[in-house]
Structure formats: C-alpha cells, structure tokens
Amino acid sequence: MRQFLYCEAGYVEKNQWLPNSWVNVECPTPEDLQFLMNRFNVPESFLSDIADTDERPRIEYEGNWLLTILRIPLQNQDHDIPFNTVPIGIITNNEIIVSVCYHKTDLIPDFIRYTQRKELQIKNKYELILRLIHSSAVWFLKYLKQINYAVTEAEKALEKSIRNEDLLALMKLEKSMVFFNTSIRGNEVMLAKLQNIFQEPEYIDKDLVEDVEIELKQAHNTVNIYSDILTGTMDAFASIISNNVNTIMKRMTSLSIILMVPTLIASFYGMNVPIYMEDMPHGFVVIILLSILLSATAFFIFRKIKWF
C-alpha cells in the first residue's frame with residue numbers, strides 16, 4: 001500500500017505525487033516496488049536491503065540517493081515473541097522522499113495523526129527522518145510499559161504456582177527487550193551519523209536534535225532498567241525452583257526411610273527359620289505395633305530436623 005503525503009500543517013494524503021511530498025509504502029506489493037523503480041528510479045538494491053528483517057540501522061549512498069535504515073518497534077499478535085523490531089528505510093534525494101517498510105506497524109499512522117494534531121510544518125527530509133526517529137523512541141517506551149505490565153502479571157502468577165507457561169512467557173519478554181535494546185542503540189548511532197551528514201544551515205535544528213537524543217536516551221535507560229529487573233526475577237525464580245526440588249527430594253528420601261523400617265522388620269520375621277515370638281499367640285500384633293512405633297519415631301526425628 002502506498003500513500004502520497006504532502007505537508008500542509010501536518011501531513012495530508014493526496015491522490016498523486018507532488019514535488020517535495022512524502023511517498024510512504026507499507027507492506028509493498030510487487031506493483032508498488034515496480035512503481036517506485038519506474039516512477040522515481042529508486043535503486044532496486046535499496047528495496048532489497050530494506051526487505052531483510054535482520055537489517056541493522058545504517059546509511060548507504062548510491063549516486064545521488066541516500067538510504068537511511070532505522071529499526072522501529074512492532075507488536076506481534078500471533079507470534080512466539082510478543083514484541084520485535086523491524087527495519088524501515090527512508091530513501092531520499094534532492095526532491096524525493098520515500099519510506100518503505102515491509103510490515104504493518106502502528107508507528108506511521110500515529111505519526112501522521114500527530115503531525116496533523118500539532119499542525120507541524122516539516123521543512124526537509126532531515127527533519128522528517130529526525131521526527132521518525134523521535135516517534136520510534138516514543139513507541140519503544142509505550143511497548144516497554146506493556147512489557148513491564150506483562151512481567152508483573154507473570155510474577156503474580158508465579159507466586160501462586162510455578163508453571164512452565166509463565167516461565168516461558170518471561171523468557172519471550174526477555175528476548176523482546178534484547179531486540180529493543182539492540183535497536184535503540186543502533187538508532188542512536190544512526191542519529192550521530194545523520195548529524196555529520198546534514199550540516200548545512202538549512203538542516204540545523206538543535207532543539208529537535210536535542211529532543212530526539214533525550215527521547216532515545218530515555219528509551220535506552222528504560223529498557224536497561226526493565227531488562228535488569230527481569231533478569232533478576234528470572235534468577236530468583238530459578239533459585240526458588242531449585243530449592244523446591246531439593247525440598248521434594250528430602251521429603252521423598254525421608255518417606256522412603258520411614259517405609260523401609262516396617263519392610264525390614266517384616267523381612268526378618270518372614271524368613272523360613274525359627275525365630276523368637278513365632279509361638280506367641282499375639283506375636284503378629286506385637287510386630288505390627290513395633291513397626292508402627294519405629295516408623296513414628298523416624299517420622300518425628302525427620303520433623304525435628306525439618307526434613308518434613
């Protein structure tokens with residue numbers, strides 16, 4: 001799906017491309033890709049690079065074209081990992097701005113609504129890239145709050161009963177934060193490279209750059225804090241599980257010893273040799289009572305040393 005967006009106190013969609021407008025393409029079809037290559041001469045290699053899900057944030061030149069790849073957050077509804085990051089490529093030259101993302105995300109529609117609500121006048125391609133980086137940091141923070149809430153709910157469930165499903169859920173959230181951390185750091189490096197490229201006076205906006213740096217740093221610090229908390233939680237539950245296993249093994253050992261006492265006595269008196277009390281009228285009862293007494297004694301000993 002492609003959109004032609006023109007900035008008029010915020011981005012508004014147009015029916016056709018106008019000079020200095022932004023062409024946004026999400027989940028491109030082969031027809032969309034062909035349109036970009038035929039209509040705007042967008043390099044095919046750029047489109048192939050953006051299609052790589054594992055593409056890292058970077059900058060690449062080809063002729064007068066500049067490719068800027070960022071990582072943006074994505075919430076997966078039907079996937080093993082609930083939150084992930086995907087690449088978005090911004091392809092620019094002197095007159096054309098094209099963004100391509102092979103995944104449907106909440107970031108771009110929210111960014112367009114934000115520009116309309118704030119009636120922003122985005123003057124050039126550098127400002128658009130900066131604001132997209134800023135928006136990505138905002139969405140990283142939004143998803144991190146959801147991850148933190150999910151971790152809290154999993155912890156409450158684990159306090160009642162340690163289940164494999166809850167532990168696996170925590171592991172998946174931990175993977176999401178690793179992806180977030182790597183992507184945020186990559187975007188920070190990308191921001192520094194962009195500042196070195198766009199040094200002309202018409203591109204300099206120190207306030208906007210400072211806002212983007214602050215937002216990225218906040219996202220980076222937040223993901224580190226949540227990641228450390230989750231790692232500590234996983235280690236704590238691993239220790240609890242290990243302790244529970246040791247407790248169960250002690251109880252099983254104690255129980256086997258208690259049950260061994262009457263078995264041992266019955267084995268002695270079950271031998272086919274003359275033994276004491278074989279002619280006593282109440283010998284069987286005495287043996288049963290003796291077995292119960294010795295088992296009860298063993299049980300109280302184990303209770304005293306807290307093996308039960």
Show your working on side-chain contact (heavy atoms from CB on, under 4.5 Å) between Leu168 and Met171 and close with a plain yes or no. CA-CA 5 Å; Leu168 288 173; Met171 290 177 60; 4.2 Å; yes
Verify whether the ring centers belonging to Phe35 and Phe40 lie closer than 6.0 Å.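 They qualify: ring centres under 6.0 Å apart.
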What distance do [X] atom [atom1] and [Y] atom [atom2] have between them, rounded to the nearest 0.5 Å?
X      : Y      : atom1 : atom2 : value
Phe179 : Asp54  : CZ    : CG    : 8.0 Å
Thr68  : Lys125 : OG1   : NZ    : 9.0 Å
Asn187 : His134 : CG    : NE2   : 13.0 Å
His103 : Ile72  : NE2   : CD1   : 9.0 Å
Lys217 : Glu188 : NZ    : CD    : 8.0 Å
Leu120 : Cys7   : CG    : SG    : 7.5 Å

Close side-chain approach of [X] to [Y], heavy-atom, < 4.5 Å:
X      : Y      : value
Ser176 : Pro82  : yes
Leu36  : Val25  : yes
Val178 : Ser227 : no
Val209 : Leu194 : no
Ile69  : Pro57  : no
Ile50  : Ile91  : yes

Going only through I, L, V, M, F, W and Y residues with side-chain contacts under 4.5 Å, is there a path from [X] to [Y]?
X      : Y      : answer
Met190 : Val98  : no
Tyr126 : Ile88  : yes
Ile184 : Ile214 : no
Leu130 : Leu132 : yes
Val12  : Val23  : no

Of Asp235, Asn148, Ile225, Val151, the residue whose pairing with Leu230 passes side chain to side chain contact (heavy atoms under 4.5 Å, CB included):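 Result: among Asp235, Asn148, Ile225, Val151, Val151 is the only option passing the side chain to side chain contact (heavy atoms under 4.5 Å, CB included) with Leu230.
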Within the distance-only criterion (no hydrogens, no angle test), does the side chain of [X] pair as donor or acceptor with the backbone N or O of [Y] below 3.5 angstrom?
X      : Y      : value
Lys193 : Ile59  : no
Ser183 : Phe180 : no
Asn181 : Met177 : no
Asn76  : Ile81  : yes
Asn84  : Pro73  : no
Ser21  : Trp17  : no
Arg71  : Ser136 : no

I'd like to know whether Glu13 forms a salt bridge (charged side-chain N to carboxylate O under 4.0 Å, His left out) with Arg2, so could you lay out the CA-CA distance, the side-chain angles of the two residues, the decisive distance to 0.1 Å, and finally the verdict. CA-CA 10 Å; Glu13 188 170 357; Arg2 58 179 179 263; over 6 Å; no
Can you tell me which residue among Tyr6, Phe4, Trp22 is in a ring pair (Phe, Tyr, Trp, His ring centres under 6.0 Å) with Tyr11?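 Output: one option passes, namely Trp22.
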Mind listing the side-chain donor-acceptor pairs of residues 139-147 below 3.5 Å, one per line with the distance, residues two or more places apart or on another chain?
unit_1: Trp139; atom_1: NE1; unit_2: Asp110; atom_2: OD2; d: 3.2
unit_1: Tyr143; atom_1: OH; unit_2: Asp106; atom_2: OD2; d: 3.2
unit_1: Gln146; atom_1: OE1; unit_2: Gln75; atom_2: NE2; d: 3.4

side-chain contact (heavy atoms from CB on, under 4.5 Å) for Leu191 and Glu213? Distances and angles first, verdict last. CA-CA 8 Å; Leu191 177 62; Glu213 289 176 342; 3.5 Å; yes
So with a 6.0 Å cut-off around [atom1] of [X], is the heavy-atom count from everything else above 12?
X      : atom1 : value
Glu95  : CD    : no
Met37  : CE    : yes
Met249 : CE    : no

N/O donor-acceptor pairs under 3.5 Å from side chains in residues 290-297, not counting sequence neighbours:
unit_1: Ser291; atom_1: OG; unit_2: Ile287; atom_2: O; d: 2.9
unit_1: Ser295; atom_1: OG; unit_2: Ile258; atom_2: O; d: 3.3
unit_1: Ser295; atom_1: OG; unit_2: Ser291; atom_2: O; d: 3.0
unit_1: Thr297; atom_1: OG1; unit_2: Leu293; atom_2: O; d: 2.8

Leu47 and Val42: side-chain contact (heavy atoms from CB on, under 4.5 Å), yes or no, with the steps? CA-CA 8 Å; Leu47 300 175; Val42 173; 4.1 Å; yes
Electrostatic pair Arg131:Glu127 at N-O distance under 4.0 angstrom: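 Salt bridge flag = yes for Glu127 with Arg131.
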Presence of salt bridge, Glu60 and Arg58, under 4.0 angstrom: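 Between Glu60 and Arg58 there is a salt bridge, with a charged N closer than 4.0 Å to a carboxylate O.
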Are side-chain N/O atoms of Asp32 and Thr29 paired as donor and acceptor at under 3.5 Å?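 Asp32 vs Thr29: donor-acceptor pair found between side chains.
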Would you say the side chains of Ser45 and Glu62 form a donor-acceptor pair under 3.5 Å?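 Yes, side-chain donor-acceptor contact under 3.5 Å.
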How close do Cys101 and Pro28 get, heavy atom to heavy atom, and via which atoms?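 Heavy atoms only, the tightest pair is O-CD, 3.5 Å.
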Shortest non-hydrogen contact from Val223 toward His220: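 Scanning both residues completely, I find the closest heavy atoms to be CG1-O, 3.1 Å.
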Please assess Asp205 against Lys123 for the test salt bridge (charged side-chain N to carboxylate O under 4.0 Å, His left out), listing each intermediate value before the final yes or no. CA-CA 11 Å; Asp205 190 340; Lys123 309 177 190 65; 5.2 Å; no
List the steps and the verdict of side-chain contact (heavy atoms from CB on, under 4.5 Å) for Phe198 and Leu66. CA-CA 12 Å; Phe198 295 98; Leu66 171 67; 3.8 Å; yes
